[in-house]
Structure formats: C-alpha cells, structure tokens
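The analysis underlying the following values was restricted to heavy atoms, covering all of them including side chains, and did not include hydrogens, waters or symmetry mates. No experiment lies behind these values; they were computed from the predicted model shown.
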Amino acid sequence: LLSEDSYAKVISFFIGFVVCILSTILIQNKVVNLEKEINPFLNGSVYDFKFSKKWIDSCDEAIKMNIYKSSYKAYKAVTNTCLILWIVCVLGYNFFGFGIMPLVMVTIIWLVQTVSYCRESIKCSKNNL
C-alpha cells in the first residue's frame, strides 16, 4: 500500500505530466496557426492524428527542403547528444554506480533514431530509382 505522501507524489506527477502535454500541444497549435497565416496554402491541424502527412502534402518544394534540412540537423544533434549521454552513462555505471538502466535507455533511443533514419533513407533511395 502507498502512503499518503506517495499518493500526493503520484497525483502531482500525473498533473504535471498532463500540464506539460497540454502546454506543448497548445504552443504547437499557436506556431502552426502563425505559419498558416504567413502561408495560407498550408493545411492541417495539430489536433489531427494525420497532421504531419497533411502538412507535408500542402507544403511547396522550398518548405519541404527546409523541413528536410532541419530534420537532418536534428538527427545529427540527437546522435551527438546520445553519444555524449552514452559515454556519461558508461562512466557513471563504472565509477558512480548508476546501474545499467540509464545506459539501456540511451542505447534504445539511439538505436530507434538510427534505425528509423536508415530505414527511411533506404525507402527514399528505392523510390528514386
């Protein structure tokens, strides 16, 4: 059984999680609406599950190229961040008793990112042949 203090922590965590998700969605909505005012030909709503597809389909080639360049820069930034975090986790595991879980989590994130990038790259290469 959980103590009253534990219940308070769980409820606080849940409320904080919901507030973070809602604020992220609302901020994204404001940014998307501003972009739609600047470029009225863009379509999509952040509340739609197929937002990304609708948004990309409505973009012209210049905007798509900007998205792709930005995505690649984000890929490189996450790769470098994962490498640094992985080294920190290995050192922490060996010298500070972090345990294996932080290392596993960073490795999973890094693998998902790398594999998804590689799969999409192969898929795009096949489409261009």
Roughly how far, to the nearest 0.5 Å, is the [atom2] atom of [Y] from the [atom1] atom of [X]?
| X | Y | atom1 | atom2 | value |
| --- | --- | --- | --- | --- |
| Ser58 | Lys64 | OG | NZ | 8.5 Å |
| Asp57 | Ser52 | CG | OG | 10.5 Å |
| Thr79 | Ile84 | OG1 | CD1 | 11.0 Å |
| Leu34 | Asn39 | CG | CG | 9.5 Å |

_Show every salt bridge (charged side-chain N to carboxylate O under 4.0 Å, His left out) that has at least one partner inside residues 32-51, sequence neighbours left out._
Asp48-Lys54
*Residue pairs involving residues 13-29 (criterion salt bridge (charged side-chain N to carboxylate O under 4.0 Å, His left out); sequence neighbours excluded)*: none
Same hydrophobic cluster for [X] and [Y], using side-chain heavy-atom links shorter than 4.5 Å among ILVMFWY?
| X | Y | answer |
| --- | --- | --- |
| Met65 | Ile38 | no |
| Val78 | Val106 | no |
| Val90 | Phe98 | yes |
| Ile100 | Phe96 | yes |

*State, yes or no, whether a side-chain contact exists between Ser70 and Asn66 at a heavy-atom distance under 4.5 Å.*
yes
*Contact check, side chains of Lys126 and Lys123, non-hydrogen atoms, under 4.5 Å*: no
*Nearest non-hydrogen partners of Pro102 and Gly99, listed with the distance*: CD-O, 3.6 Å
*Contact summary for Ile109 and Cys82, nearest pair of heavy atoms*: CG2-SG, 4.1 Å
*asked:* So, using ring-ring contact (aromatic ring centres under 6.0 Å, His included) as the criterion, who are the partners of Tyr75 when residues are at least two apart?
replied: Tyr72, Tyr117
*Report, as yes or no, whether the 6.0 Å neighbourhood of atom CH2 on Trp110 holds more than 12 heavy atoms from other residues, nucleotides or ligands.*
yes
*Given a cutoff of under 4.5 Å between side-chain heavy atoms of I, L, V, M, F, W and Y, with clusters grown through shared members, what are the other residues clustered with Tyr68?*
Phe17, Ile21, Ile25, Leu26, Val32, Phe41, Leu42, Val46, Tyr47, Phe51, Trp55, Ile56, Ile63, Ile67
*Could you identify which residues cluster with Leu22, counting Ile, Leu, Val, Met, Phe, Trp and Tyr as linked when any side-chain heavy atoms lie under 4.5 Å apart, either directly or through a chain of such contacts?*
Phe14, Val18
_For Ile108, give me all partners under side chain to side chain contact (heavy atoms under 4.5 Å, CB included), at least two apart in sequence or on another chain._
Val104, Val112
